[in-house]
Every structure is written in C-alpha cells, then in structure tokens.
Amino acid sequence: MLEEIKPKKVGIIPCNGEEICEGSITRFASRKVLDKLRPNDTVTVCLPLFIAGGKEEREFAKNYPTITVDGCDKRCSQISTEKLSGRPYHSIVVSDLLKEHSIEPPKSRRALTDKDQAAVDLVADEITKKVDEILEKS
Amino acid sequence: MGKKVVVLPCSGIGKAYGEIGRQAVYDLAEDLKPEDVKTACLARLMIDDPETKAMVKDNFVITVDGCGMDCARKNVEAAGKQVDSSLRVVEAFKKHRDLKPQGVLELGEPGFKLAHILAERLSEEVDCVMKK
Ligand code: SF4
Ligand code: SF4
C-alpha cells in the first residue's frame, strides 16, 4: 500500500516588536502566510512562550524547521529562538528587506494603511519563498 | 526625572487576545496617558538587551497578557524584575461576551472597542501604581 508522505510543517516566529512599525509588519506578514498563503504547511508559536511555556514550546524549533521574522537588526526572534529552542533555518529582517526593495516602512505601529500592504506583501512573499524551499528539501 | 510606567503587552500571535492587549497598550501610551506611560519590545528582554532591562528596572511595570500563560509577566520576572501589576485580556473578555473580534489581527469595531475598554482599565491601574 502506498502511504501518502506528509511533508513537515514549517514554523514561523515573528518578533512582534511593539516599539517600531516594522514589528507590526512581522505580525501581519506572518499571519498572511499562516492564514492565506500556506495555511496547510505552516505553524506558529508565541515567541515569549520560550521563556514562559513548558518543554513542548521550547522544543518548537527542534520539531519544526523554523523561519524567524524580525523587525530590525536586533534580531530578537532569531537570537532567542537559537538560544532557547533551536537554530532557525532562515532569518528575515524586515527593515533590511524593505530597504533592499526601496519600500517605506509604515508610519504608524498601530494601524497599517492600504499603502503599507506593499510591505506586508513583500515580507509575506519572502517567508513563503523560504517555506517552499524548506519543504522542497525535506 | 520621575518614574514612568512601562506597560508591556505579550503580543500573542495565535489568537485575537494578543492583538487586543497590544492595541490597548498603544491606546494607553499614545492617547490616554502619553506623559506617564511608555512601552518597549518585550522580546528585547529575551536577548538581555541592557537598555530595555534598565528601563524595566528603573520604572514601574504593568504587563498585559493574552491568556493564562502570562508570558509578558514571566518574561519580565525572568529579567529580574517583579511587576507592579499584571492584567489578562481574557478577563476583560468575560465581562463583554457581546464584543467579538473579527480576526486574530483584524479586530474590527467590536475588537477595537474591547481594546479601548481594556486601555481605560489600564489607565486606572497606572494611576494606582503611580500612587504607590
Ligand atoms: S527585532 Fe527589533 S522590532 Fe523586533 S522585538 Fe527586537 S527590537 Fe523590537
Ligand atoms: S500570554 Fe498567551 S497569548 Fe500571550 S504570548 Fe503567551 S501564550 Fe501567547
């Protein structure tokens, strides 16, 4: 009998940075991938659970190949995932990516405008590309 | 300079509770109590960022958590600071079951109402903490 081999899911961990607008982009772009672009292939975890949660949460990056999404080059998600859970497969820094593509960061961290959607789409597409790369290899 | 109140939401990404807490903190820090309240990236505590650790050490701290895992509170405590007060969004939900957020991040009108109610509750808490 042929069994369907299910590929692994990929874990996406945004930093959710509260201080700057790029932190909000990490959330919206990650949720776009989780809900719309690759809903069957991705999972997430609340980053602060690596400190507050139990063994299961801390083993997240051991159980899933992981992509961290950080708002700025402090790279809080990448560094804490690596320190507390396991080495991420890919790390995306939103501020760098926006600069590379000459896209302005949002003006408000509270609410994104229609114009800011370009930034969300760019980051979401980059996450999706990395998800597909990981799944192809696995 | 007098102490301020650092209000830190957990910004949970799995359910709307995290976004409601986050929006309530922005409401508080930018509209209701801009003179007394500031916020910071919670995750900076996870990387032992000295500036953020000093900020929580030198000021009052209130945490706002989406659920009973209390991540924001526990992260502040792990950084060596006892919080002055901690709130859970899920508690605010219990009293306002009619207000249902539309999505995890797209809260819609009911979700933003809930965030504002929470911001007002936090504003009272800020007054209490500053009187200490
Ligand atoms: S990576 Fe930057 S935006 Fe994200 S939590 Fe850290 S300091 Fe904040
Ligand atoms: S308190 Fe709950 S919602 Fe908030 S980060 Fe932790 S698990 Fe997520």
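Within every chain, numbering begins at 1; the chains are lettered A, B, ... in the order of the sequence lines, protein sequences first and strands thereafter.
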When rounded to the nearest 0.5 angstrom, what is the spacing between SG in B:Cys41 and CD1 in A:Ile20? 6.0 Å
Do A:Arg110 and B:Asp27 have side chains that approach each other closer than 4.5 Å (heavy atoms only, starting at C-beta)? yes
How many angstroms lie between OG1 in B:Thr52 and CD in A:Glu19, if you round to the nearest 0.5 Å? 6.0 Å
Give, as side chain, backbone, both or neither, the part of A:Ser24 having an atom under 4.5 angstrom from any heavy atom of chain B. both
Give a yes or no on whether the backbone of A:Cys76 and the side-chain of B:Arg44 come within a donor-acceptor separation of less than 3.5 Å. no
Can you say whether B:Glu19 sits under 4.5 Å from chain A via the side chain, the backbone, both, or neither, judging by heavy atoms? both
Close side-chain approach of B:Glu30 to A:Arg109, heavy-atom, < 4.5 Å: yes
Engaged part of A:Leu84 at the chain B interface, taking heavy atoms whose separation is under 4.5 Å: side chain
So which part of B:Arg22 gets closer than 4.5 Å to some heavy atom of chain A, the side chain, the backbone, both or neither? side chain
Chain A heavy atoms under 4.5 Å from B:Ala78: which part of the residue, side chain, backbone, both or neither? side chain
d(A:Glu82 CD, B:Ile47 CD1) to nearest 0.5 Å is 12.5 Å
Less than 4.5 Å to any heavy atom of chain B: does that hold for the side chain of A:Lys74, its backbone, both, or neither? both
Is there a side-chain contact between B:Leu8 and A:Glu18 (heavy atoms, below 4.5 Å)? no
Measure from the side-chain N and O atoms of B:Lys74 to the backbone N and O of A:Pro48, and report whether any donor-acceptor pair falls under 3.5 Å. no
What distance do B:Ile13 atom CD1 and A:Leu49 atom CG have between them, rounded to the nearest 0.5 Å? 12.5 Å
Let me check something: do A:Ile13 and A:Val33 share a hydrophobic cluster, defined by ILVMFWY side-chain heavy atoms less than 4.5 Å apart, either directly or through other members? no
Counting C-beta onward and ignoring hydrogens, is there a side-chain heavy-atom pair between A:Arg31 and B:Val104 closer than 4.5 Å? yes
Crowded around B:Lys132 NZ? As in, over 12 foreign heavy atoms under 6.0 Å? yes
Would B:Val25 end up clustered with B:Val56 when hydrophobic side chains under 4.5 Å apart are linked, directly or stepwise? no
